[in-house]
Novice: 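Right, I'll just put the structure down here and ask away after.
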Amino acid sequence: MTAAARIEFREHPGWGRGFLTLAGALGLLVLGGLGGAHVMESEGHWVTGMSNRIVWGTPHVFAVFLIVAASGALNVASISSVFGRELYKPLARLSGVLAVSLLAGGLAVLVLDLGRPDRLIVAMTVYNFKSIFAWNIFLYTGFFAVVIVYLWMMMEKRMNRFSKPVGTFAFLWRLVLTTGTGSIFGFLVARQAYDTAVMAPMFIAMSLAFGHAIFLLVVMAASAGTGRPLGDEVVRRLKNLLGIFLAATLYFVAVQHLTNLYIAERQGVERFLLAEGGIYTWLFWVGHVGIGCLVPIALVFAPATASSRGAAGLAAVLAVVGGIAQIYVIIIGGQAYPLVLVPGMEAAGSVLDAGIAPYVPSVYEIALGLGGVGLALLLATIAIKVLPVLPESLADVPAK
Amino acid sequence: MTGAATMELTRRALLQGAAATVVALAPGVTLLLGPAPSEARAPGTPVSAKTRWGLLVDVSRYAEVADTVVEACRTENGWTGHGRPLTDPQWVRNVTLNDPRTGAVRTLPVMCQHCEHPPCVDVCPTGASFRRADGVVLVDKHICIGCRYCMMACPFGVRFFVHENVTGQKPHAPRGKGTVESCTLCVHRLDAGRRPACVEAAERKSPGAMIFGDLNDPNSEIARAVGRHVALRLRADLGLDQGVFYKGLNG
Amino acid sequence: MAGYRALVRLLMAAVLAAVVGTAFAADAPRTPVPKPPKAAKGTECVEPVADMRRNHMVYLDHERDETVHKGIRGRKHSLKGCVECHAVPAAAVGGARTVGPFCAECHRYAAVTIDCFGCHATTPETQAASAPARKSP
């Protein structure tokens with residue numbers, strides 16, 4: 001067996017105009033996010049679209065999306081370290097960096113939306129371990145440490161032999177973390193749109209899909225931006241995985257809704273989400289199922305587009321858009337449906353009980369959410385520039 | 001015995017007998033009058049699980065006191081609205097339930113149900129949402145980070161996020177922006193041996209519309225009423241074992 | 001290399017000058033020493049003043065947990081007790097008694113944010129100026 005060629009990783013030297021423009025634009029997004037958070041915190045949440053009925057809004061949609069994607073973005077590194085696939089080895093460092101930066105962006109949005117973000121230290125030191133949310137806070141902060149150690153194992157030559165055990169630990173940590181994120185909703189008995197065990201595996205599938213989509217887009221952009229070759233084989237493998245994970249997501253979503261349709265008491269909420277929910281129905285069928293899953297799967301596997309790099313990039317973009325739509329439906333659609341106080345009776349008398357809860361995202365929430373996206377991409381951009389995480393070449397290695 | 005001594009003895013005996021009678025009868029008299037529903041504990045003693053506070057609403061009598069109850073709670077605890085019904089708190093709110101099959105309409109108050117197994121307590125990441133030993137579910141606003149997960153978890157929608165700056169709070173009911181709040185069962189009153197403001201206000205207008213007491217005391221009015229009548233709880237299927245009961249919910 | 005060493009020396013000299021210079025500026029009355037308003041006449045704090053200044057948060061933190069979680073009220077170190085005595089008439093609120101000016105004096109000087117009065121009332125339960133120094137339970 002021929003010795004594997006040594007992979008050269010390199011920073012990106014120089015302060016080119018492209019880099020400064022990109023960093024500047026992302027920095028502006030971050031500033032916008034901080035501004036939105038400042039207004040929300042000083043005035044109070046009444047300036048947002050959130051209320052006592054729609055308790056978690058657009059910031060949470062972005063935060064959950066980024067956090068779920070962060071977990072999945074590490075998958076490429078896992079495939080190389082844990083499952084020993086050599087092709088993915090050059091991508092492993094970027095995978096770790098992206099996981100950390102996406103998580104940082106998501107957590108920043110989550111923390112800044114808190115009613116008392118000044119009590120972050122309390123949140124990180126005082127735990128009620130019966131709460132899955134508490135577990136998640138613990139798992140997220142731990143994830144930073146685990147991935148940074150994992151990156152160190154991969155980047156320090158003398159530590160390379162530990163890549164596999166640390167990578168396995170990171171892989172298992174990810175599974176627990178994403179199960180926990182899905183269970184934040186799955187454990188809630190109060191709302192009929194949640195309260196299901198299938199949320200956990202659904203979020204795992206979602207994480208793999210979103211993570212791969214974002215990873216593919218970042219690899220394409222980084223290679224183009226740094227002028228390094230990107231071969232078809234890498235794109236092909238990544239997009240195929242994306243297609244498979246989108247199909248898995250669709251499977252779990254189908255199982256959830258079909259099961260709920262079978263349960264008489266849940267037919268009301270299903271009718272709302274799938275047919276009569278206005279924006280939520282539209283986002284579910286067109287945004288999530290159509291644009292987010294079926295079209296990208298077709299682009300990935302259909303013979304006409306399977307070998308097109310442009311189609312692969314488009315599939316990734318659509319998967320991201322559809323993913324945000326899906327999380328919007330889950331988080332906000334799930335809250336919009338009224339609570340059942342006495343089964344069989346209709347409640348009236350207060351906007352807190354009657355009817356579908358109204359929600360219009362405010363500019364502050366959108367700014368905060370986009371600020372998180374900006375932070376994640378800015379951190380990744382800076383890391384790619386100053387750290388040797390991007391390989392010199394991802395060109396196809398000719399088969400021997 | 002001389003006459004005077006006999007009279008002395010008799011007077012002494014009478015006084016002693018009277019004293020003995022009073023001592024013998026006094027506990028019984030106290031029992032007849034009944035202890036205050038929330039007797040003040042000795043100062044410095046913590047609450048204990050020996051007590052379990054409960055509320056019983058007679059739905060058939062509630063409609064006439066509905067507005068009084070909400071107003072009493074608002075005045076006592078100082079939660080004001082800002083003309084924004086979706087973000088304003090309503091520690092207790094009146095809900096009209098309509099049965100679509102029969103057209104029957106009932107009005108009942110919905111407030112924190114003070115569950116034995118509160119979902120809001122389970123999900124709070126910092127433990128700010130907690131259940132006091134005597135059954136009152138509260139928010140420790142010193143460690144509440146305002147994540148609103150408890151509001152997602154509550155099946156009754158009775159937790160409220162304070163969406164704006166607050167001034168002019170009542171000294172006995174602190175509340176502030178960025179934390180979550182809910183009906184406290186007027187713990188500041190309970191700890192002083194009094195009853196919640198809503199119960200007192202309802203009683204003045206329609207006695208028996210709302211009963212408050214110790215569910216663990218078999219002699220209390222509420223324990224006997226809950227045992228005697230069919231008193232249902234909202235969403236009993238969830239198994240939360242609430243402290244708030246509704247009589248006449250189903251006719 | 002020699003030029004680099006000279007630059008470092010220059011910087012160190014500048015820092016030294018700045019530090020020494022500000023020591024002489026301490027006499028100038030730029031940082032006003034706090035003068036918290038006196039509490040109600042004839043009252044005495046529940047702890048010695050020096051002890052209170054240093055430890056009031058320790059007392060408050062401990063008793064707040066006892067109050068909130070165990071329902072024990074009216075103890076020596078309650079926040080409501082502090083407000084009862086230390087609230088002073090303030091023009092900003094139309095002459096009503098409020099504890100804001102008292103706490104703010106020292107806290108502004110020490111640059112320590114007060115978290116209490118976002119939630120807790122700054123006014124005592126009774127507006128009367130005389131309140132007993134030690135509240136009976």
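Predicted model only: the values in this text are computed from it and were never measured. A, B, ... follow the sequence lines: proteins, then strands. Residue 1 opens every chain.
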Novice: What part of Ser42(A) gets closer than 4.5 Å to chain B, counting heavy atoms only: side chain, backbone, both or neither?
Specialist: backbone
Novice: Name the option with the most non-hydrogen atom pairs under 4.5 Å to chain B; the candidates are Val342(A), Val122(A), Leu352(A).
Specialist: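 If we count pairs closer than 4.5 Å to chain B, Leu352(A) comes out on top.
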Novice: Check Ala190(A) against Ala153(B) and note the closest heavy-atom contact, atom names and distance.
Specialist: CB-O, 3.2 Å
Novice: With a 4.5 angstrom heavy-atom cut-off, is it the side chain or the backbone of Asp118(A) that approaches chain B, or both, or neither?
Specialist: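 Looking at Asp118(A), nothing touches chain B.
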Novice: Given that the side chain runs from C-beta out, which part of Arg93(B) has a heavy atom under 4.5 Å from chain A: side chain, backbone, both or neither?
Specialist: side chain
Novice: With distance as the sole test, does Tyr194(A) use its side chain to make a donor-acceptor pair with the main-chain N or O of Met152(B) at under 3.5 Å?
Specialist: no
Novice: Do the side chain of Asn52(A) and the main chain of Thr87(B) share a donor and acceptor less than 3.5 angstrom apart?
Specialist: yes
Novice: Specify which of Pro358(A), Pro338(A), Ser51(A), Pro343(A) makes the most heavy-atom pairs with chain B at under 4.5 Å.
Specialist: Ser51(A)
Novice: Give me the atom names and distance for the closest heavy-atom approach of Ile137(A) to Pro125(B).
Specialist: CD1-CB, 4.0 Å
Novice: Any heavy-atom pair between the side chains of Val55(A) and Tyr149(B) that's under 4.5 Å?
Specialist: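 No; the side chains remain at least 4.5 Å from each other.
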Novice: Counting only non-hydrogen atoms closer than 4.5 Å, does Val110(B) touch chain A with its backbone (N, CA, C, O), its side chain (CB onward), both, or neither?
Specialist: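 Contact with chain A is through the side chain of Val110(B) alone.
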Novice: Any side-chain heavy-atom pair from Ile132(A) and Val123(B) closer than 4.5 angstrom?
Specialist: no
Novice: Find the distance between CG (Leu341(A)) and CG (Leu108(B)) and round it off to the nearest 0.5 Å.
Specialist: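 So the CG of Leu341(A) and the CG of Leu108(B) are separated by 8.0 Å.
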Novice: So which residue, Ala347(A), Gly334(A), Ala357(A), Pro117(A), ends up with the most heavy-atom pairs under 4.5 Å with chain B?
Specialist: Ala347(A)
Novice: So which of Val189(A), Asp113(A), Val111(A) has the biggest tally of heavy-atom pairs under 4.5 Å with chain B?
Specialist: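 That would be Asp113(A).
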Novice: Identify which part of Ile184(A) has an atom lying under 4.5 Å from any heavy atom of chain B, answering side chain, backbone, both or neither.
Specialist: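 For Ile184(A), heavy atoms of backbone and side chain both lie under 4.5 Å from chain B.
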Novice: Can you tell which part of Leu114(A) gets under 4.5 Å to a heavy atom of chain B, answering side chain, backbone, both or neither?
Specialist: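 Both parts, backbone and side chain.
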Novice: For Gln335(A), which atoms come within 4.5 Å of any heavy atom of chain B: side chain, backbone, both, or neither?
Specialist: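 Only the side chain of Gln335(A) comes within 4.5 Å of chain B.
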Novice: Looking only at atom types and distance, does a side-chain atom of Lys177(B) sit under 3.5 Å from a main-chain N or O of Glu41(A), one as donor and one as acceptor?
Specialist: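 Side chain of Lys177(B) to backbone of Glu41(A), a donor-acceptor pair under 3.5 Å: yes, one is there.
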Novice: Let me know if Val47(A) has heavy atoms under 4.5 Å from chain B in its side chain, its backbone, both or neither.
Specialist: neither
Novice: With heavy-atom distances below 4.5 Å as the criterion, would you say the side chains of Ser350(A) and Gln90(B) are in contact?
Specialist: yes
Novice: Based on non-hydrogen pairs under 4.5 Å, which of Met40(A), Glu346(A), Arg53(A) is most in contact with chain B?
Specialist: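 Option with the top pair count is Glu346(A).
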Novice: Decide yes or no for Phe161(B) and His45(A): does some side-chain heavy atom of the first lie under 4.5 Å from some side-chain heavy atom of the second?
Specialist: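 The answer is yes; the side chains approach within 4.5 Å.
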Novice: Name the member of Thr179(B), Leu238(B), Ile143(B) that forms the most heavy-atom pairs with chain A at distances under 4.5 Å.
Specialist: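 Option with the greatest count: Ile143(B).
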Novice: Between the side chain of Trp56(A) and the main-chain N/O of Cys147(B), is any donor-acceptor distance below 3.5 Å?
Specialist: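 Answer holds: yes.
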Novice: Strictly distance-based, threshold 3.5 Å: is any side-chain N or O of Asn128(A) a donor or acceptor partner for the main-chain N or O of Thr126(B)?
Specialist: no
Novice: Chain A heavy atoms under 4.5 Å from Arg235(B): which part of the residue, side chain, backbone, both or neither?
Specialist: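 For Arg235(B), the contact with chain A is made by backbone and side chain together.
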Novice: Is chain B contacted by the side chain of Met50(A), its backbone, both, or neither, given a heavy-atom distance below 4.5 Å?
Specialist: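 For Met50(A), the contact with chain B is made by backbone and side chain together.
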